[in-house]
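In what follows, residues are counted from 1 in the order of the sequence shown.
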Amino acid sequence: MSGAESSGGVVQEWLAPKLLLCKTCCLVAIIIPCLSAFLFGASVLFSVIAVRHVSVTWVHASFPLSLDYRGEAAIGTASFAAIAPPPNPKVPGDVSRIVKTGEKLDVMLELVVPNKADDYELFHVTGELLSTNDSVLATSTISFLNSQKTTLLSLARKVLLLPLSLFEWWWKSPQTINLEMFTQYVESEGFPAKGIRVKMEARHMGALPKVSDAKVHLGRNLGLVGQALFLMRPSGVPTLILLMVGFSFLTVGGMGCCLPLLALLLSADHEAVDGNDNIPVGSATNQTLDPSPIQSEGVGESVASTGQETDIPNAQSETGTSLRKRRA
């Protein structure tokens with residue numbers, strides 16, 4: 001081996017660990033961001049799917065209520081069927097419910113009436129929660145007393161506020177009355193709640209307020225965890241955007257992690273093949289394939305001696321033949 005080859009081998013042995021360290025650092029620098037992107041995309045997809053599967057679809061719901069004035073009373077019914085999911089056909093005996101069994105409901109009645117104190121004084125509101133077969137699940141009665149104002153006080157108020165008569169909207173501004181009909185109502189295992197019937201009655205043949213608008217508000221008591229999950233629940237378009245973002249990060253991060261590892265494996269196999277090709281052939285093999293000059297000379301001498309020995313019998317046979325001819 002020459003001096004240049006020996007020095008090249010020393011340099012290669014010195015550079016080998018440095019190159020391995022450099023490859024490792026580059027691989028780690030590429031894989032860590034790609035792995036972070038992969039985990040981020042997976043967490044986004046898992047969060048969106050899990051939150052939409054676990055959280056509820058509604059927390060507050062409103063339903064219109066139409067009151068029918070019948071003499072001294074006004075009666076109206078509101079249905080909750082709009083938010084009730086269909087029953088599961090795979091579960092025998094399943095019924096449509098607005099909430100799960102054991103959950104708590106708050107029911108509030110909102111009435112919009114004229115802002116005039118002398119039109120009405122006291123009225124009673126009775127609410128009945130109805131089931132699917134129109135049976136009454138719960139009943140609640142609330143009395144509303146309007147603030148009574150004397151005639152002198154009412155006249156003084158109108159005189160002082162006379163300049164504001166130019167603003168007609170102020171005189172006709174309505175008053176909103178909120179009545180909590182049911183609080184912490186627990187959905188039972190029997191018939192589910194599907195609606196409410198409201199009845200307004202005046203006291204002692206009095207006048208009922210002219211309700212211009214009426215609504216029934218439902219609220220679910222979910223607790224802190226349920227409320228947080230509902231707030232985290234995205235709607236249709238944000239859900240689609242989050243799914244696309246999560247899938248993009250998942251795909252890019254996965255490819256970024258797999259491609260460097262695949263390139264490293266291919267380069268390792270290539271270096272192994274090159275190393276096998278550069279293995280020096282042993283001395284025994286060289287002697288077998290390329291005989292030395294000494295062996296060649298020995299083979300020639302043996303062949304020459306063999307040729308001489310084969311020529312001796314031929315000469316003896318020729319001498320014997322010639323002697324026989326002379327004697328004859």
Exercise. Leu222 and Met108: same hydrophobic cluster, using ILVMFWY side-chain contacts below 4.5 Å?
Worked result: no
For this session: Search all heavy atoms of Asp134 against all heavy atoms of Leu130 and return the closest pair with its distance.
Result: O-CD2, 4.2 Å
For this session: With side chain to side chain contact (heavy atoms under 4.5 Å, CB included) as the test, would you mind laying out the steps for Ile196 and Phe63 before giving the verdict?
Result: CA-CA 10 Å; Ile196 185 173; Phe63 305 93; over 6 Å; no
For this session: Tell me, please, whether Phe182 has Lys104 positioned over its six-membered ring: NZ or CZ under 6.0 Å from the ring centre and within 45 degrees of its axis?
Result: no
Problem set entry | Verify same cluster id: Leu45, Met255 (apolar side-chain graph, 4.5 Å) | no
Seminar exercise, completed: Between Gly253 and Ala37, the two heavy atoms sitting closest are CA-CB, 4.2 Å
Problem set entry | Pairwise side-chain contact, Arg233 with Thr57, heavy-atom cut-off 4.5 Å (strictly under) | yes
Exercise. Are Leu35 and Leu250 joined in one hydrophobic group, where the rule is that I, L, V, M, F, W and Y side chains link up if heavy atoms are under 4.5 Å apart?
Worked result: yes
Exercise. Atom CG in Asp68, atom OG1 in Thr77: separation rounded to 0.5 Å?
Worked result: 10.0 Å
Problem set entry | Phe191 atom CZ, over 12 foreign heavy atoms within 6.0 Å | no
Exercise. Which heavy atom in Ala84 sits nearest to a heavy atom in Lys194, and how many Å separate them?
Worked result: CB-CE, 4.2 Å
Seminar exercise, completed: The reported gap from CG in Leu224 to CG in Leu229 (rounded to nearest 0.5 angstrom) is 11.0 Å
Exercise. Do Leu208 and Tyr69 have side chains that get closer than 4.5 Å, going by heavy atoms?
Worked result: yes
Exercise. Is there a donor-acceptor pair under 3.5 Å between the side chain of Ser47 and the backbone N or O of Ser43?
Worked result: yes
For this session: Check whether any side-chain heavy atom of Leu129 lies under 4.5 Å from a side-chain heavy atom of Phe80, and answer yes or no.
Result: yes
Exercise. Side chains of Asn178 and His217: closer than 4.5 Å at any heavy-atom pair?
Worked result: no
For this session: Please check if Val136 and Ile75 belong to a single hydrophobic cluster, counting links between Ile, Leu, Val, Met, Phe, Trp and Tyr side chain heavy atoms closer than 4.5 Å.
Result: no
Problem set entry | Heavy-atom side-chain contact between Val198 and Met181 under 4.5 Å | no
For this session: Could you tell me whether the side chain of Pro192 reaches within less than 4.5 Å of the side chain of Ile98, counting heavy atoms only?
Result: no
Exercise. Should the pair Phe40 and Phe249 be assigned to parallel (<30°), tilted (30 to 60°) or perpendicular (>60°) ring geometry?
Worked result: perpendicular
Seminar exercise, completed: In short, Gly76 meets Leu65 closest at the heavy-atom pair C-CD1, 3.4 Å
Exercise. To the nearest 0.5 Å, how far apart are OG1 in Thr239 and CE in Met244?
Worked result: 13.0 Å
Exercise. Can you find a heavy atom in the side chain of Leu218 that is under 4.5 Å from one in the side chain of Trp58?
Worked result: yes
For this session: For Phe144 and Leu179, run side chain to side chain contact (heavy atoms under 4.5 Å, CB included): C-alpha distance rounded to whole Å, both residues' side-chain angles, the deciding distance at 0.1 Å, then the answer.
Result: CA-CA 8 Å; Phe144 179 79; Leu179 304 175; 4.2 Å; yes
Exercise. What is the minimum heavy-atom distance between Lys199 and Ala73, and which atoms define it?
Worked result: CE-CB, 4.1 Å
For this session: Say whether, by atom type as modelled, one donor and one acceptor occur between the side chain of Ser212 and the main chain of Val112 under 3.5 angstrom.
Result: yes
Problem set entry | Cluster link Ile241 to Val44, ILVMFWY, side chain under 4.5 Å | yes
Seminar exercise, completed: So CD1 of Ile142 and CE of Met200: to nearest 0.5 Å the spacing works out to 12.0 Å
Problem set entry | From Arg220 atom CZ to Lys100 atom NZ, the distance as rounded to the nearest 0.5 Å | 7.5 Å
Exercise. For the residue pair Gly256 and Cys34, what are the closest heavy atoms and their distance?
Worked result: CA-SG, 3.4 Å
Exercise. Does Asp106 reach the main-chain N or O of Gln184 with its side chain, forming a donor-acceptor pair under 3.5 Å?
Worked result: yes
For this session: Check whether any side-chain heavy atom of Val216 lies under 4.5 Å from a side-chain heavy atom of Leu109, and answer yes or no.
Result: yes
Exercise. Does atom CG of Leu262 have more than 12 heavy-atom neighbours from other groups under 6.0 Å away?
Worked result: yes
Exercise. What's the spacing between Glu128 CD and Ser135 OG if we round to 0.5 Å?
Worked result: 11.0 Å
